[in-house]
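First the proteins, then the strands, lettered A, B, ... as listed; each starts at 1.
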Number of protein chains: 2
Amino acid sequence: MSEPATPFPGGAVNRRRANRGTLGGAADRKVERPAPLRQAVYEALIELIVNRTLQPGQHLVEIELAEYLGVSRQPVREALQRLQTEGWVDLRPAQGAFVHTPTEEEADQLLSVRSVLETHSAKLAAEHATPEEVEMLRDLQGLGVAALKARDVDRLVSANADLHSFITTLSRNDVLAELIGLVDRRVRWYYTPIAGPRGEDAWAEHEQLIDAIAAGDAAEASRIMTVHTERTRLAYHEQRQARASS
Amino acid sequence: MSEPATPFPGGAVNRRRANRGTLGGAADRKVERPAPLRQAVYEALIELIVNRTLQPGQHLVEIELAEYLGVSRQPVREALQRLQTEGWVDLRPAQGAFVHTPTEEEADQLLSVRSVLETHSAKLAAEHATPEEVEMLRDLQGLGVAALKARDVDRLVSANADLHSFITTLSRNDVLAELIGLVDRRVRWYYTPIAGPRGEDAWAEHEQLIDAIAAGDAAEASRIMTVHTERTRLAYHEQRQARASS
DNA sequence: ATACAGACTTTCGTATGCAAAAGACACTGA
DNA sequence: TCAGTGTCTTTTGCATACGAAAGTCTGTAT
C-alpha cells in the first residue's frame, strides 16, 4: 500500500551519493554547482504530470513521492510549492497536493493569453531580429518541414516548440519569454495540436511569419502570429467538439 | 549579530498558539481552514520587500527571518520557493535567498508585458461587462477622482489598483487576471507613477476607457488601454532620466 | 436498515537535528 | 606587501521527529 500501484518511470532522482567521488575533478570545467535535489524533484514531477503518470485530480502523497524518488519529504514539499504557483498542482491546506485538473474553460483562457503573448513576441522579434537570427529561424523551419514530410510527430512537436521558443528569444524581452514558456508548457499538457491535421497549415504560416520577421515588418508579423495562434485555439475547440460527440 | 539591525515591522506572524481556544466555535460560520503559516510568511515577506524593509540585493538569512516572524525555518523556506518563482527573490544554490534587484531593463520589460496583458483585458472587458458592472466601474472611478482632488496619494494608488483589478475581473479570464496581478505587483514595486504629475491625465483616460467598455466597443477600449499603459511606461522612463541627471 | 458517535489511521504542517558547502579570516612564506 | 593555504564560522540543504487535522471505519442505538 505504501508502494505506488504504478511505479514512476525515470527512477530515483538522488544520485548524489553515487557520484560523490571527486577524483578526476579536472574534468569539471565550470563551477558546476550541484543543483539542489528540489530542482531535480521539480523537473521529475513535471515530467510525471505531463506524461500522465500522475493523473489530473490524483492525490500526491508526499511520502510516496519521496520514497520513490529516493529523497525525503522536504525537497518534495519545496518542489510542490513551486509547482503550485506554476499551475501544475493544487495545494489544499491540511489535505496536500493534487494534480491540477485542467478544465476546458481554463484551457481556452490559457490559449487566449498565449495568443496575446506570442503575438507581442512576434512583433518584437520583427523589430529586433538580425539577419543571422533570421537564418537560424529558417533552419528551424527546415527541420520542422522535414519532420512533417517524414510524419515524425515527436520531432514535429519539438521543432514547433523550438521555433516558437526561439522567436521569444528574439523578442529581447526575458520577462515575456519566461511567461510564454510557462503558459506554453501548460497548453501543451492540455492539448497537443501540432500532431493533428493542422500540421501543413501551421508550417505554411510559420513560413510567412519568418518572412515578415526578416522584413522587419512588425505589424505583419503580429497579424500572422495572431491568426496562427487563434487557429490553434479553434483547432482545440474542434477537437473538443469531436471528442464530445464521439 | 543574529538580530537584524532594523527590526521588521509587522511583527510576529505566528499567533496560532495564542488563539487556539476553540470555545465559542459557533462564531465561526464557514469551515475556516486555518491558512498554513507559510502563507502568512509569504505575505509578510512580500510586504517587507515592497516597503523596502528588505532591500534589493539583501541576503535573506533563513534563521533570522524565522526568528523574527516567530516560526521555524521550514515555512520560511517554502515561502521563499514561491517568492522565487514569482520574481521577488533569487535563490542561489548553497547560498540562499537574495532580494531580487530590479534592473531598469527588467522594469521596462515588465511594463511592456503589462501593457499587452492589460490591453487584452480591456478588450475582453468591453465584450463581457454588464450594465451593473459598468456602474461599479464608474463608482470606482469616482473614488479615484475624489482622491485626486483631495491629493490623497494613498487612496489614489489603491483606487487605481482597484479599478484596474476590477477590469481584469470583467475580462472573465482568470488566467489573464492572475498574470496581470503578478506583473502589476512587481511593476508597482519598481515604480509608483500614479502619485506623479500623470494623475489627472491618467484618470481622464480611465473615463474614456469606461465609456468604451460601457459601449461594448472592444477595439476602442483596447486602443485606449494601450495608450494608457504605454504612457505610464514613458512616464517611467522620464522619471528614470530625471533621476539620472540629478 | 440507517444515521450518528467515537476511536483509529493516514497525512499534513511544523520543528529540530545534522552533514556539507561556501565564505571569512588569520597565518605562512616569498 | 601580497599571494596562497589551511582552519574556523556561518548558512544552507536534506533528513527525521512529533503534534494535529482530516478522513475512515466500526459499533451502537433508533
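Dense packing is recorded around CD of B:E86, with more than 12 heavy atoms of other residues, nucleotides or ligands lying under 6.0 Å away.
Within the 4.0 angstrom heavy-atom criterion, only backbone atoms of the sugar-phosphate kind lie near A:L60; the bases stay farther away.
In the region residues 72-90 of chain B, proximity to DNA chain C at under 4.0 angstrom, judged on heavy atoms, holds for B:S72, B:R73, B:Q74, B:P75.
Following rounding to the nearest Å, A:L37 (CG) and C:dA20 (P) show an atom-to-atom distance of 14 Å. The CD-P distance, from A:E62 to C:dT11, rounds to 11 Å in whole Å. Nucleotide D:dA22 holds its C1' atom 7 Å from the CD atom of A:Q95, rounded to whole Å.
Ionic pairing of B:R233 and B:E118 is not present here: no N-O contact between side-chain nitrogen and carboxylate oxygen is shorter than 4.0 angstrom.
Residues forming a ring-ring contact (aromatic ring centres under 6.0 Å, His included) with B:H100 (at least two apart in sequence, or on another chain): none.
A:Q81 contributes atom CD, which lies 13.5 Å from atom OH of A:Y42 (distance to the nearest 0.5 angstrom). Rounding to the nearest 0.5 Å gives a distance of 7.0 Å between OG1 of B:T85 and CZ of A:R82.
Residue pairs meeting the salt bridge (Lys or Arg N to Asp or Glu O under 4.0 Å) criterion with at least one partner in residues 36-54 of chain A, sequence neighbours excluded, are A:R38-A:E78.
Here B:H59 does not reach the OP1 or OP2 of D:dT10: none of its side-chain N or O atoms lies under 4.0 Å away.
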